[in-house]
Amino acid sequence: MKTYFITGGAGFIGSNYLHYVTSKYPNDYFVCLDALTYAGNYNNIRPLDEKGNYKFVQGNITDRQFVNQLFEQEKFDVVINFAAESHVDNSIKNPEIFLMTNIIGTEVLLDACVKYGITRYHQISTDEVYGDLPLDRPDLLFTEETPLKTSSPYSTSKASADLLVMAYHRTYGLPVTISRCSNNYGPFQFPEKLIPLTISRALNDEVIPVYGTGQNVRDWIHVHDHNVGVDLIVRNGKVGEIYNLGGHSERPNLSIVKTILAQMGKSDDLITFVEDRKGHDLRYAIASSKVEKELGWNRTYTFEEGINKTIKWYLDSQDWIDDIKSGSYQKAYKISKR
Ligand code: NAD
Ligand code: DAU
């Protein structure tokens, strides 16, 4: 039996991860720490309260004293850091909180790992650390050797965290791994990101803002495939290694929006082209051959299967969307404690 420390578990990817692993590994114990920022939604993880191998703690990864106390109490074996400020547009408006959470927060966790000892620290990183690729060179993909060349304050904070993780491995011998994944979609994604934003706005016949010409390309992966990859890397990956995870599903943004609208029986007239994002990365595309060859990982969802299932989830989860729109999701944890 191992004790896992999962940060950011009330967010999109972390909550999906917790649902997956708390069922798959009934003999392991999972402690979730989340600050419940605007992006953290206790409703995502409320059903896990019923489980005997799980506990939720509200707190901030930048709070060193609090984090150290938790390490002392719980004696973590494995730490997986999902916690982050994750929305690029917010980082363009307000970079500071990105540097605090994504860099300083990571450093606080790494220090605690050195101080108390762990068997593995895993950093959830992103393909955005590699910058972008040209639209007219489909032969080019990001590999683990692609140099870091960031565009936004968000991606710069994530790249900085990755460098810190590798520095703690070299300097203190900390047993670390890093995964860098492409754009995720699936249940529980905050409707500020392209896919849930499109679905939730289309439901109310609201306009869908498409940045620039809509030709920017992302490589989409279902969140479950990402989490299966994280689990494999944490359990079987080689210490000190970085692994890319990608969906083999490159699509221009406009085609994503049109696919969703068609699937929902809504008109393309909802599409509105708006001013482009500052510094907007053109194309992301991931080569996952390392994790495929070394750990036998492969994505299971085609984009078509995954997006249809995802749209259905949002249509069946309108209470979840309404709670976000009304703001009542931010009271969900307090109410659950009464
Ligand atoms: P998210 O914004 O949905 O969730 C982030 C979670 O972290 C929230 O629950 C939030 O409350 C929590 N959090 C934020 N600041 C915190 C702090 N200081 N202390 C404790 N908790 C804090 O993000 P996500 O999309 O689930 O992304 C999770 C991780 O995966 C991030 O590290 C992100 O960089 C990375 N990632 C995301 C994607 C994607 O497509 N969404 C792709 C690749 C990598
Ligand atoms: O590649 C991994 C990254 O994917 C993660 O590291 C980030 O945390 C995650 O947010 C995501 O970043 P993106 O910027 O690619 O995701 P977003 O959903 O914000 O935007 C996807 C694309 O859609 C991007 O080219 C911008 C565009 N877009 C986005 C929004 C919100 C629009 O055209 N209109 C919109 O309203």
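This is a predicted model, so every value here is computed, not measured. Below, all heavy atoms of this structure are taken into account, side chains as well, without hydrogens, waters or symmetry copies. Just follow the structure's listing: the first ligand is 1, and inside any ligand the first atom is 1.
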remark   = With heavy atoms and a 4.0 Å threshold, my read on which part of Leu197 contacts ligand 2 is side chain

ask   = Heavy atom under 4.0 Å from ligand 2: found in Asn253's side chain, backbone, both, or neither?
value = side chain

key: Region of Leu194 engaging ligand 2 - heavy atom pairs below 4.0 Å   = both

inquiry  = If you measure every N or O of Tyr211 against every N or O of ligand 2, does any of those distances drop under 3.5 Å?
reply    = yes

key: Main-chain N/O of Lys238 paired to Tyr243 side chain as donor or acceptor, under 3.5 Å   = yes

query = Do Ser182 and Asp127 have side-chain N/O donor and acceptor atoms under 3.5 Å apart?
reply = no

request  = Treating Ile, Leu, Val, Met, Phe, Trp and Tyr as nodes and any side-chain heavy-atom pair under 4.5 angstrom as an edge, say whether Met166 and Val230 lie in one connected cluster.
outcome  = no

query = Would you say ligand 2 has an N or O under 3.5 Å from any N or O of Trp220?
reply = no

inquiry  = Using a plain distance cutoff, I'd like to know if Thr126 has any nitrogen or oxygen under 3.5 Å from a nitrogen or oxygen of ligand 1.
reply    = no

inquiry  = With heavy-atom distances below 4.5 Å as the criterion, would you say the side chains of Ser157 and Met100 are in contact?
reply    = no

ask   = Does Phe190 come within less than 4.0 Å of ligand 1, judged by its heavy atoms?
value = no

task = Report yes or no: does a heavy atom of Tyr154 sit under 4.0 Å from some atom of ligand 1?
result = yes

request  = Looking only at distances, please establish whether an N/O atom of ligand 2 is found under 3.5 Å from an N/O atom of Glu128.
outcome  = yes

request  = Name the closest protein heavy atom to atom 15 (N) of ligand 1, giving the residue it belongs to and the distance to 0.1 Å.
outcome  = Thr101 CG2, 3.5 Å

request  = Out of Gly8, Ser125, Gly105, Ser86, indicate the one that has the non-hydrogen atom closest to atom 7 (O) of ligand 1.
outcome  = Gly8

task = Say whether Thr150 and Lys158, considering side chains only, have a donor N or O and an acceptor N or O under 3.5 Å apart.
result = no

key: Subset of ligand 2 atoms that lie under 4.0 Å from at least one heavy atom of Glu192   = 31 (C)

ask   = How are the rings of Tyr17 and Phe82 set relative to one another: parallel (under 30°), tilted (30 to 60°) or perpendicular (over 60°)?
value = tilted

request  = Could you label the plane-to-plane angle of the His19 and Phe188 rings as parallel, tilted or perpendicular, counting under 30° as parallel and over 60° as perpendicular?
outcome  = parallel

ask   = Aromatic rings His222 and Tyr301: how do their planes relate, parallel, tilted or perpendicular, breaks at 30° and 60°?
value = parallel

message = If the cut-off is 4.0 Å to any non-hydrogen atom of Pro209, which atoms of ligand 2 fall inside it?
response = 32 (C), 33 (O), 34 (N), 35 (C), 36 (O)

request  = Enumerate the atoms of ligand 2 whose separation from the nearest heavy atom of Tyr284 is less than 4.0 angstrom.
outcome  = 1 (O), 15 (O)

message = Whether Arg235 engages the ring of Tyr25 as a cation-pi pair (distance to the six-membered ring centre under 6.0 angstrom, angle to the ring normal within 45°) should be assessed.
response = yes

inquiry  = So, 4.0 Å and heavy atoms of Lys158: is ligand 2 close enough to count as a contact?
reply    = no

ask   = Against heavy atoms of Asn183, which atoms of ligand 2 measure under 4.0 Å?
value = 1 (O), 2 (C), 4 (O), 11 (C), 12 (O), 13 (P), 15 (O), 16 (O)

